[in-house]
Chemist: 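Quick one: structure below, then a few questions.
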Amino acid sequence: MTGLEDPGTPSDSTRKRYPGPYWRPKTSEIPKSPGVYRFRDGEGRVIYVGKAKNLRARLTNYFQDPLVLHPRTARMVQDASSVQWTVVDTEAAALTLEYQWIKQFDPRYNVMYKDDKSYPYLSVSMGEEFPRVAISRDAHRAESRYFGPYTKVWAIRETIDLLLPTFPVRSCTPGVFRRAQAQDRPCLLGYIGRCSAPCVGRISPEDHRLLAEELCAFMDGETAQCMARLRAEMAQAADDLDFEKAARKRDELEALVKVQEKNTLALPSDVDADMYSLVVDDLDASVQAFFVRGGRIRGTRGWVLERGDDRDEAALMQDLLEQVYAPKVAEAQREAAGTPPMGGGRSARRGRTAPVSIDDVAHTPVDAIPPQILVSVAPSDRVSIEEVLRGARGAKVTIKVPQRGRKRELMETVTRNASEGLKLHKTRRTGDLTQRAIALEQLRDALDLERAPLRIECFDISHTGGTNRVASMVVFEDGIPRKGAYRTFNIRGDEAQTQDDTAAMSEVLQRRFARVSTAGATEEVEESAMVSGAIDPDTGKPRRFAYKPDLLVVDGGLPQVNAARNALADAGVSLPVIGLAKRLEEVWLPNQPYPVILPRSSPALYLLQHLRDESHRFAIRGHRKKRGKAATVSILDAIPGLGPARQKVLLKTFGSVKKLRGATIEEISAVDGFGPSLARTVHSHLAQESGTLGQ
C-alpha cells in the first residue's frame, strides 16, 4: 500500500507541474497498474473508494480544474486531504478489494444500492427432526430449503393450503408441537387431514421426512412423478369403487395443478440467467432483478438508488453489477485458495430478518454465477466484468441486452417491476411526514420566504403544435398532492396570440387569480357576520380558487417566471413566484440573473420535481382529452340548440346522418323533444351542409 498521508506544502515549481490540491501526489509516483484507491478527509476517515485498471490514468482525472469536474466529485476532492492506493495483480482482485473496503468503511461518497424491502419465502426446515413448512423472511438458515421469494405473504399461504392435503407436513410452531406431544393430542390440522400428526406418532420421523422431501422436489419442478402417482391412485380407487378416496385424490391433483401453474416456465428449461432492469429519473434510479434457474423465476429483488450525480444508465448498471457479483467473486477466490468464508459463512448470518443492502443478493438460494446476465442497458465496461465473472465461474459468462423473443418479453416485465418500484419509492417518500417538513423548511430558507409554503400551486401548458392548448393547475398542501383542488384551463385567447407559452400562462394566471380578489372582497363583506369568505355557507366546502397559495411554481426558466409575475401584478395579487427549469433543475426567481441551485439529493428539490411532474402529467391528460374530442366532431355539433342528448335521439331514430339528411321537417319534428322550429333548424342546416359538400 502506498500513497500520501501528510505531503506537506509543495514548492511553487511543484504546483506548476502538478496543479490541484496541495496534497496531490506527483503523477510519476502513481503506478500504471490495476488497483484500488482510497480518499481520506482531514480526520483520516475514508470518504471514497474506487478501483481502476490504470491507477495513474484514473487518479489524475480527479485533479483537473474543479469547474470541469462534476459538482459531487469536486466536493469530494475538496473534502479530501490525502489519497492512498493499493496495487493488485488483476481486475478481479481489484473488484474484490473495492467491495471489501466499501463494506468496511462505508464511504459517504460511494453510491450504494439499497433493497426496497425484504421478501417472504416458503421454507422447509430440513434441519429439524420433523421438518416444518412455514413462511420466512430469512432465507439464509443452513439446512433449510427456500422457495421464492414471493411478492405477497398471502400467495405463500395459498400455496401451503394447496400443498398440505397432498404433502401433510407439519406447519405448526415449536410451542404448539411440544404442547401436542405433552397432551398426546394433535391440533386441528391433524384431525382434518392437513397434517400427518408426527407429534402423536401417527407417522414415523423417516416417513415424515420423506413427505417433506417430496414437497421440496415438487416445488423444485419435479412434478411429473407426483402427478402420475396421484392419477394412478385416483384410477385405482375408482376401480375399487372407493369413490370418496378417488374424489380426495382428484382434489389433491387439482390443487397441485394450481400450484404448478404458478410455477410455470418463463424461459426454456435449459436457461439459467440473472436479469436486471434499470429505470431512472432525475433524482432516483430503480433496479429490479429476476433470477431464472431452469427456465423458472426462482427469485426477485428490487433496489432504489438516490442518484448523487449525473452518470448515465450504463455507468449505473456497471456499478450495480460490480456490487452484486463482487461477494461472489470474492467467495470463489477464497474457495480456490482454500480459505474459510469471511464472517463464519452462512451460519454467522442466522437471525437476519430484514436484508437491506445489495450484498444480500449474493446469498439468495440462486447464488451461483449463471452463464447469462441479461440487462436492460449494457454496462459501460461490459468486457471487463465478463472477464472477472468468467474467472470466478470457471466458464464462459456473457452479458447481453435481449432484443427479441421470450427473453425480451420477460425483460419488459422486469422493467415494469422496476418502474413500479420507483413509483412506490416516490409515494413512500412523499408520504414521509419528516421528509415533507424538511422539504418545506428548505424551500423557505432557500427562497427567503417569510414562512414555509404550506400551499403550493404549479402551472403547466400542454399542446400539440399550438392546437388544443390546455393548462393545468396542481395543488400541494403540506407537501402532498390535493387532487380535489386540481384544475384544467382551456386557453381562450386568439391562437395567434397564445402560440407563445408565456402568453398562455399569463391568461391562465389572470383568470385564476381574478377569483382571489372576489373571494377577498367577500371576506370583508361577511366579516361582520363572522362567516369565513373561503367557505361556502350553503355547502360547507371551500369556494373554488378562494385560497391564495404561499408559493407559485411554473414549469420553465426566467421568461416564464417573469411572465407569471407580470400576470399576478395585472390581477392585483402579490405572492412568491419561482420557475423550475427541467434541463439542469435550476430554480429561477423573477428578475434574478442567476438561479438558485438546490442540492441534487435535497428533499426540497424532490418536492419541486414531484410538483412539476404532476402538473405536467395533469396538463397532458387534459390536452389528450380535448384533442380526442376535437378528433370526433360531428356535423350535428354545429347546429344551434342541438346538444348531445338530442343528437343521440336523432341518430337512434334515423340510424345515420345520411338518412337524417333525407328526412323531411315533419319526420324530424315527430321525434321526441323536437318541435317544428328545431326541426326546421336541423333540416336547413343539413341542407346547407349538403349543398356545400356538393359544390
Side-chain angles (χ1 to χ4, degrees), residues 120-139 141-150 152-234 236-237 240 242-263 353 365:
Y121 293 82
L122 188 154
S123 69
V124 183
S125 57
M126 301 300 293
E128 301 183 30
E129 180 183 7
F130 295 101
R132 174 193 175 211
V133 59
I135 300 171
S136 174
R137 291 185 182 269
D138 178 10
R141 293 183 179 274
E143 300 181 357
S144 291
R145 298 290 304 279
Y146 295 93
F147 304 96
Y150 291 76
K152 302 292 183 182
V153 172
W154 61 260
I156 306 182
R157 292 197 181 102
E158 185 179 75
T159 301
I160 293 175
D161 288 341
L162 293 171
L163 290 174
L164 287 183
T166 308
F167 308 105
V169 180
R170 101 174 164 93
S171 57
C172 58
T173 62
V176 174
F177 187 81
R178 289 192 297 267
R179 184 165 62 249
Q181 282 182 318
Q183 297 176 349
D184 194 27
R185 187 177 65 186
C187 63
L188 178 62
L189 294 178
Y191 282 111
I192 63 177
R194 302 178 70 84
C195 178
S196 54
C199 54
V200 295
R202 290 185 183 176
I203 187 173
S204 66
E206 295 77 14
D207 291 340
H208 186 269
R209 179 169 294 275
L210 182 60
L211 275 177
E213 291 174 351
E214 289 179 351
L215 185 150
C216 293
F218 182 85
M219 292 299 296
D220 270 333
E222 302 173 11
T223 60
Q225 183 178 357
C226 181
M227 306 283 273
R229 175 177 60 82
L230 283 176
R231 290 191 182 95
E233 291 177 356
M234 181 177 65
Q236 184 61 44
D240 296 341
D242 190 351
F243 299 116
E244 291 184 359
K245 181 179 180 181
R248 287 197 305 271
K249 297 300 177 183
R250 177 203 62 199
D251 295 341
E252 292 176 8
L253 186 62
E254 291 177 352
L256 294 189
V257 168
K258 290 182 181 179
V259 175
Q260 187 181 22
E261 289 174 350
K262 297 178 181 181
N263 200 27
T353 58

Chemist: Closest heavy-atom contact between Pro186 and Arg202?
Modeler: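 Smallest heavy-atom distance, with atoms named: CG-NH2, 3.5 Å.
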Chemist: Which atom names give the shortest non-hydrogen contact between Ala246 and Ala237, and what distance separates them?
Modeler: N-CB, 3.7 Å
Chemist: Applying salt bridge (charged side-chain N to carboxylate O under 4.0 Å, His left out), name anything that partners Arg194, two or more places apart in sequence or on another chain.
Modeler: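 Result, salt bridge (charged side-chain N to carboxylate O under 4.0 Å, His left out) vs Arg194: Asp161.
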Chemist: I need the full list of ring pair (Phe, Tyr, Trp, His ring centres under 6.0 Å) pairs touching residues 184-206, with sequence neighbours left out, sorted by first then second residue.
Modeler: none
Chemist: Can you name the side chain to side chain donor-acceptor pair (under 3.5 Å) partners of Asp242, sequence neighbours left out?
Modeler: none
Chemist: Looking only at non-hydrogen atoms, find the nearest pair between Arg132 and Ser171 and report the distance.
Modeler: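 Heavy atoms only, the tightest pair is NE-O, 3.6 Å.
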Chemist: Report the residues that fulfil side chain to side chain donor-acceptor pair (under 3.5 Å) with Asp240, sequence neighbours left out, ordered by chain and then residue number.
Modeler: Gln236
Chemist: Quick one: list whatever passes side-chain contact (heavy atoms from CB on, under 4.5 Å) with Ala180, sequence neighbours left out.
Modeler: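 With sequence neighbours excluded, Ala180 shows a side-chain contact (heavy atoms from CB on, under 4.5 Å) to Cys199, given in chain and number order.
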Chemist: Keeping to residues at least two apart or across chains, list the salt bridge (charged side-chain N to carboxylate O under 4.0 Å, His left out) pairs with something in residues 171-190.
Modeler: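 Non-adjacent pairs meeting salt bridge (charged side-chain N to carboxylate O under 4.0 Å, His left out): zero.
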Chemist: Which heavy atom in Val124 sits nearest to a heavy atom in Pro131, and how many Å separate them?
Modeler: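 For Val124 versus Pro131, the nearest heavy atoms are CG1-CB, 4.3 Å.
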Chemist: Roughly how far, to the nearest 0.5 Å, is the OG atom of Ser204 from the CG atom of Leu210?
Modeler: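 Reported to 0.5 Å precision, the distance equals 9.0 Å.
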Chemist: Restricting to side-chain contact (heavy atoms from CB on, under 4.5 Å), what partner residues turn up for Ser196, sequence neighbours left out?
Modeler: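 In terms of side-chain contact (heavy atoms from CB on, under 4.5 Å), with neighbours along the sequence ignored, Ser196 is linked to Pro168, Pro198, Ile203, His208, Leu211.
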Chemist: In chain order, what residues pass the salt bridge (charged side-chain N to carboxylate O under 4.0 Å, His left out) check against Glu213, with sequence neighbours excluded?
Modeler: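 Glu213 satisfies salt bridge (charged side-chain N to carboxylate O under 4.0 Å, His left out) with no other residue.
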Chemist: Mind checking what makes ring-ring contact (aromatic ring centres under 6.0 Å, His included) contact with Phe177, not counting sequence neighbours?
Modeler: Phe130
Chemist: Report the residues that fulfil side chain to side chain donor-acceptor pair (under 3.5 Å) with Ser125, sequence neighbours left out, ordered by chain and then residue number.
Modeler: Glu128
Chemist: Indicate yes or no: at least one non-hydrogen side-chain atom of Arg209 is less than 4.5 angstrom from one of Glu129.
Modeler: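 SC-SC contact between Arg209 and Glu129 ruled out.
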